[in-house]
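As structure tokens, the structure follows; a few thoughts come after it.
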Amino acid sequence: MGEKYKAIKVTDRVYWVGAVDWGVRDFHGYMTQRGSTYNAYLILADKVTLIDTVKKPFMNEMLERIASLTEPKNIEYIISNHSEPDHSGCLPETIDVLKPEKVFASTIGTQTLLQEFHSGHEIIPVKDGESLSLGNLNVTFFETKMLHWPDSMVTYMPDDKLLFSQDAFGMHLATSERFADEIDWSIVEYEGEKYFANIIMPLSSVVLRTLGKISDLGIEIDIIAPDHGPIWRKDVEKIINLYTKWATQKPTNKAVIVYDTMWCSTEKMAKVIAEGLIDGGVSTKIMSLKSNHRSDVITEILSAGAILVGSPTINSNMFPSVADLLYYLKGLRPQNKIGGVFGSYGWSGEAVAHIKEILTAMKVDLIGDGLRFKYMPNDNDLTQCFNYGKLIAEELKKRLD
Ligand code: FEO
């Protein structure tokens, strides 16, 4: 093993020993255009403890970073906060190589790891609120069920007021810097919001409950060390406030118009509806699905008060790209949105009705009946588009404080 991959100091006894994945661009349907990191941490306590591991192909990078600090076989405990394979993929091999004295996970985590690896490795279940002595210091486990898997838990180290938060407060962002305060804030905020929108949004109520629990327990946090992206040390309050804001999903004076188009008729409608919204004083973003990935559209939708979806009809259905977006969005369960639907068609024109059905199932409050025009919209049709935008702007204003 060489000495090229180094551990990065987080506190006097906690080090980052993870891996940077500069090239990953797809995370089960989420476009990670800035790559990602798989963060693992080493606590140099009496019982040397590894918090989480990394995605399987990055195991040697992790082991080499550990070796830059201590002989990896000195690790006596491994704590698995989350059993998704980007954090546990190399756990069985790591156990085989390091032969730690004990490996811990949440009660559900022990079952999940068993079902993933079908191996005979013994994993010890820990309970919500249970503390574990590492000799000269303790850590405490808190279950965060469904944030974002049933097995998820976080590990708190009171001595350093450090929370190992697994996926929570993370983001897909590959950088040479390990701390959020070393990176351009606009990038950190955008990628944090994108991660929240695409992964955490359906669990917004769990986020608010968990933040409430942390506050009730009076847990002081100076550092948040997540499993992806940068570590929070100077901006802990800022990221917690952002999580509260994102999870609340309070509508803002913003509309997102997302559409696809066949011969530019639906696009013409989108642009004039936008003019109506803008004339009505609403900040408006037009996103063609020909040029925007679903995960970027979702990021914009998180903070929007209004979503307008447009599609031509093709073979009695909406465009496949629009169906893709809506099914993805439905699973993410956005809240507190008003909506609009539009599209052009040639003869049967089912797309608008199909979109309305899906948005209604998502509890989006649809304004008006939507607009659909045959072939190319004429000037009168486009006037209706403008007025539709104005109507949605007026309805949105009524719903803002
Ligand atoms: Fe980063 Fe849920 O794994």
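Keep in mind that the numbers below use all heavy atoms, side chains included, and drop hydrogens, waters and symmetry copies. Just so you know, ligand 1 is whichever comes first in the structure, and atom 1 is the first atom listed for that ligand.
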#### Entry: Sub-2.8 Å protein N, O or S atoms surrounding atom 2 (Fe) of ligand 1
His82 NE2, Glu84 OE1, His148 NE2, Asp167 OD2
### Task
Can you run down the ring pair (Phe, Tyr, Trp, His ring centres under 6.0 Å) pairs that involve residues 109-134, sequence neighbours left out, and say none if there aren't any?
none
### Query
Quick one: do Asp181 and Arg233 make a salt bridge, cutoff under 4.0 Å?
yes
### Query
Among side-chain atoms of Ser131 and Asn138, is any donor-acceptor pair under 3.5 angstrom?
no
### Task
Applying side-chain hydrogen bond (donor to acceptor under 3.5 Å, both in side chains), name anything that partners Asn292, two or more places apart in sequence or on another chain.
none
### pair Asp26-Thr32: side-chain heavy atoms closer than 4.5 Å
no
Side-chain donor/acceptor pairs under 3.5 Å, residues 104-111, sequence neighbours excluded:
residue: Ser106; atom: OG; partner: Gly109; partner atom: N; Å: 2.9
residue: Ser106; atom: OG; partner: Asp151; partner atom: O; Å: 2.7
residue: Thr110; atom: OG1; partner: Thr107; partner atom: O; Å: 2.6

